[in-house]
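The structure under discussion appears below in the form of structure tokens.
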Amino acid sequence: MKRFQFLRRRSLFNKLIAIVGCSLIVMFTVVMFMTMKFMQNSYISLYATETRLLLDQIAQNYDKLHHQSVDVLTTCRNNSYVKAFLADKNQDGKAQSTIIFNMKKSLEHINLLNERTLSTLILIGCNGNVYVSNDDKRMMTRQEIWDSEPVQHALEHPDQITYSFVQERMVNSGTYDQSIAAVEILRDSEDSVYGAALLLINLHSFEEYYASILDPSLNSVFIVDANDFVFSSNDIQMIGQSEPELMEKVNGRKGSFSLKENGHTIMGEYLPYYDSYIFCVIDDSQFFLQASNWSLIVAVGIVILIVTCAIIYALLNSAFRPLEKLHAKMHEIQEGNFEDRLEVEGEGEIAELAISYNYMQEGLRRYVDELMSMEKEKRLLEIHLLQMQINPHFMYNTLTSFKFLAWQKRDKELVESLDAFIALLQETLGNKEEKITVAQEVTNLKNYVHILKIRFGDHIQVNYNIEPAALKCICPKLILQPFVENAFFHAFNDQENGCIDIFGRIVEDHLLFEIIDNGKGMDLHSDLKKGTKFSGVGISNVNERIVLLYGKQYGVHIESVPGAGTFVTIELPAIQETLDPDSEASAAGVSSSSAKPRRAPRGLLNDEDDLLG
């Protein structure tokens with residue numbers, strides 16, 4: 001709401017600034033958008049051309065891998081030792097060892113088998129023999145390998161080398177369970193099958209052909225076989241997924257091709273030997289954010305926009321400065337500042353406005369000063385009137401106690417009580433100050449308690465636990481007495497013994513008094529509304545005085561549980577007075593205690609209800 005009021009008070013200067021600023025921002029946004037769009041298209045075009053060259057290189061690398069695989073399988077097909085190992089059924093141990101040794105020697109020159117993590121050769125014969133290169137360990141039995149999908153697929157095409165995706169681990173080596181299997185069925189001169197050669201290329205090694213060339217943060221690369229199955233990708237989550245929609249758009253294309261779809265550039269390359277497609281997907285917007293120096297361009301544009309706006313603002317401000325100052329001074333008057341006069345600037349009507357404003361400000365200042373003086377006198381009168389309510393109420397209850405002493409002919413105790421009463425009157429009535437120290441307040445309370453004990457006896461104990469630092473604080477006169485009085489008269493009238501604990505302490509910048517009794521307690525809601533059991537006059541006076549003196553954030557809070565007792569908290573600001581601590585302690589006769597007072601569930605005293613004690 002304040003923002004709308006502020007906008008309604010804006011001058012022509014601010015309207016012009018808003019129009020010019022909005023125009024510049026719109027123009028800046030349009031220019032930046034067009035520039036960035038043009039740069040994005042240029043970047044994507046250049047990067048797509050570069051990626052196309054890289055895909056061609058990747059396709060050539062896979063061609064080399066295919067030829068290396070063919071060399072391995074051709075060597076196995078033409079090797080007499082391999083045929084002897086897989087075809088001969090009657091081999092003794094010595095002959096078989098000689099054949100295996102010579103077979104290993106004949107395969108040592110093949111580079112593709114030198115690296116254990118790159119590929120593994122498995123030879124499986126119809127005679128039941130199985131050979132695994134690199135001393136690798138088989139994870140499947142001979143029959144499981146023969147019945148696997150790659151071997152069965154190769155048996156359907158015995159005249160060619162077939163490639164298949166293997167999802168289960170056949171050998172122990174490699175980082176992934178998945179692998180690419182190049183399979184050739186081995187046959188003799190009569191076309192009788194005597195075995196099969198499987199070259200397992202670990203999927204991780206298969207990915208290295210594109211992972212080392214294309215940046216995974218800018219490209220999403222994956223390879224899809226003829227069954228629309230993704231068997232290799234730099235995004236692990238894509239492996240195993242199906243891409244029928246993408247393959248439908250490819251529509252059997254061969255060689256290189258490019259597609260545009262949903263803000264993505266899709267480039268593909270057909271791998272003929274593997275009957276698969278390798279795709280590279282570029283997110284156009286994400287690529288531009290990462291590859292271009294767009295942040296610097298935007299930052300420079302913003303700086304230029306800010307400088308332009310600042311220059312325009314300075315020019316318009318110099319022209320409208322006198323009116324702006326007049327507007328600011330009028331706002332200060334609303335906040336209550338009537339002292340600063342407005343410097344007369346400008347010419348013509350603007351100068352006359354400044355003169356009229358100064359005349360009006362002087363008249364308002366005189367009126368407000370007179371009004372504040374009257375309000376201050378009224379406030380002091382209200383405080384004194386509230387203080388006067390305590391004395392008749394207090395004296396009435398005290399004289400009632402003396403009446404009982406005289407009636408019981410307890411002359412000595414009556415004299416002691418009169419001495420305490422005289423001392424109390426000297427302090428409360430003779431001292432015209434409305435505020436005293438806590439030490440004086442406690443002394444007055446002890447004299448009053450002495451008077452009450454003459455009537456009630458010693459079955460009600462009063463304990464004082466006032467921190468030494470709290471004794472130096474200033475408080476309104478007679479703020480503890482009404483609560484102790486109500487406790488004596490109302491909390492213990494059905495009990496033989498009782499206890500009243502009075503705590504005084506400083507918490508941060510607050511002075512807290514806590515008065516706790518273990519009397520019969522009350523129901524705050526019902527007893528407060530009925531106005532029974534409690535006098536309320538002095539207590540209400542205490543709360544009203546505290547609010548008038550210090551504000552509504554201070555005052556009296558009352559909590560009570562029927563059958564358990566009452567807990568009264570008086571909260572004041574901690575205002576210190578420099579006094580001698582020894583004189584305070586001796587005058588008050590109290591002992592400091594660090595014991596934490598017991599608490600009942602806390603309840604806030606409402607303004608519209610009567611105050612309790």
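The chain is numbered in sequence order, starting from 1.
Contact record, Ile185 with Ala196: CD1-CB, 4.0 Å, taken as the closest heavy-atom pair. Minimum interatomic distance between Ala59 and Glu269 (heavy atoms only, all atoms of both residues): CB-CG, 3.7 Å. When all heavy atoms of Ala87 and Asn127 are compared, the closest pair comes out as N-ND2, 3.6 Å. Looking at every heavy atom in both residues, Thr162 comes nearest to Pro150 through OG1-O, 4.3 Å. Heavy atoms only, all atoms of each residue included: Trp146 and Cys126 are closest at CH2-SG, 4.3 Å. Across Thr566 and Gly521, no two heavy atoms sit closer than the pair OG1-CA, 3.8 Å.
Rounded to the nearest 0.5 angstrom, Ile122 CD1 and Arg138 CZ are separated by 8.0 Å. Between Ile311 atom CD1 and Ile306 atom CD1 the span is 12.5 Å, to the nearest 0.5 Å. Between Leu511 atom CG and Glu571 atom CD the span is 9.5 Å, to the nearest 0.5 Å. From Ile506, atom CD1 reaches atom SG of Cys473 across 3.5 Å, with rounding to the nearest 0.5 Å. Within the model, atoms CZ of Arg505 and CD of Glu514 stand 4.0 Å from one another, a figure rounded to the nearest 0.5 Å. Here the straight-line distance linking atom CZ of Arg142 with atom CG of Asp147 works out to 8.5 Å at 0.5 Å rounding.
No donor-acceptor pair closer than 3.5 Å links the side chain of Gln152 to the backbone N or O of Glu149. Side-chain atoms of Asn465 do not come within 3.5 Å of backbone N or O of Gly504 as any donor-acceptor pair. Side chain of Ser560 to main chain of Gly565: a donor-acceptor pair is present (N/O by atom type, distance under 3.5 Å, no hydrogens or angles). Judged purely by atom type and a 3.5 angstrom limit, Ser220 has no side-chain atom pairing as donor or acceptor with the backbone of Val281. With hydrogens and angles ignored, the 3.5 Å screen pairs a side-chain donor or acceptor of Thr75 with a backbone N or O of Asp71. Within the 3.5 Å criterion, the main-chain N or O of Glu243 finds no donor-acceptor partner in the side chain of Asp228. One N or O on the side chain of Arg169 and one on the backbone of Asn172 form a donor-acceptor pair closer than 3.5 Å. Under the 3.5 Å distance criterion, the side-chain polar atoms of Asn129 are left unmatched by any main-chain donor or acceptor of Leu86. With hydrogens and angles ignored, the 3.5 Å screen pairs no side-chain donor or acceptor of Gln57 with any backbone N or O of Leu53. A donor-acceptor pair is defined here as one N or O able to donate and one able to accept, closer than 3.5 Å; such a pair exists between the side chain of His157 and the backbone of His153.
The aromatic rings of Tyr550 and Tyr554 lie perpendicular to each other, with more than 60° between the two planes, well past the 30° mark. Under the 30°/60° scheme for interplanar angles, the aromatic rings of Tyr62 and Tyr274 are found to stand perpendicular. Ring planes of Phe231 and Phe165: tilted class, angle from 30 to 60°. Taking the six-membered ring where the residue is Trp, Tyr277 and Tyr270 present tilted rings, their angle falling between 30° and 60°.
Put simply, the side chain of Met170 reaches to within 4.5 Å of the side chain of Ser148, judged on heavy atoms. Inter-residue side-chain proximity for Val221 and Ser233 is flagged as unmet; no heavy-atom pair is nearer than 4.5 Å. The side-chain heavy atoms of Ile570 and Leu512, taken from C-beta on, include no pair separated by under 4.5 Å. Counting only heavy atoms from C-beta outward, the side chains of Lys137 and Val132 never approach each other to under 4.5 Å. Under the 4.5 Å side-chain criterion, counting only non-hydrogen atoms from C-beta, Val183 is not in contact with Ile161. Between Tyr81 and Ile100, the closest side-chain pair of non-hydrogen atoms is not below 4.5 Å. Annotation: side chain of Phe257 is in contact with side chain of Val250 (closest heavy-atom distance under 4.5 Å). Using a 4.5 Å heavy-atom cutoff, the side chains of Phe503 and Ile516 are in contact.
With Phe222 as the fixed residue, the side chain to side chain contact (heavy atoms under 4.5 Å, CB included) test singles out one of Ile239, Leu246, Asn234: Leu246.
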Could you give me the CA-CA distance, side-chain angles and deciding distance for Phe28 and Ile304, then say whether side chain to side chain contact (heavy atoms under 4.5 Å, CB included) is met? CA-CA 10 Å; Phe28 169 79; Ile304 295 174; over 6 Å; no
Given side chain to side chain contact (heavy atoms under 4.5 Å, CB included), test Phe279 with Leu259 step by step and report yes or no. CA-CA 10 Å; Phe279 293 97; Leu259 301 172; 5.6 Å; no
Applying side chain to side chain contact (heavy atoms under 4.5 Å, CB included) to Val151 and Leu198, what does each step give before you reach the verdict? CA-CA 8 Å; Val151 176; Leu198 291 81; 3.7 Å; yes
So Ser69 and Tyr273, side chain to side chain contact (heavy atoms under 4.5 Å, CB included) or not? Walk me through it. CA-CA 11 Å; Ser69 301; Tyr273 299 110; over 6 Å; no
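Evaluation of the salt bridge (charged side-chain N to carboxylate O under 4.0 Å, His left out) test over residues 247-257, restricted to residues two or more places apart or in two chains, returns Lys249-Glu261.
Within 6.0 Å of atom CD in Glu245, 12 or fewer heavy atoms from other residues, nucleotides or ligands are found, so the atom counts as exposed in its surroundings. Counting non-hydrogen atoms of neighbouring residues, nucleotides and ligands closer than 6.0 angstrom, the CD atom of Gln237 reaches no more than 12 such neighbours.
In summary, the side chains of Gln60 and Asp56 do not present any donor paired with an acceptor at a separation below 3.5 Å, with no hydrogens or angles considered.
With respect to the salt-bridge test (charged N to carboxylate O, under 4.0 angstrom), the residues Asp159 and Arg187 qualify.
Residues His557 and Phe567 keep their aromatic ring centres 6.0 Å or farther apart.
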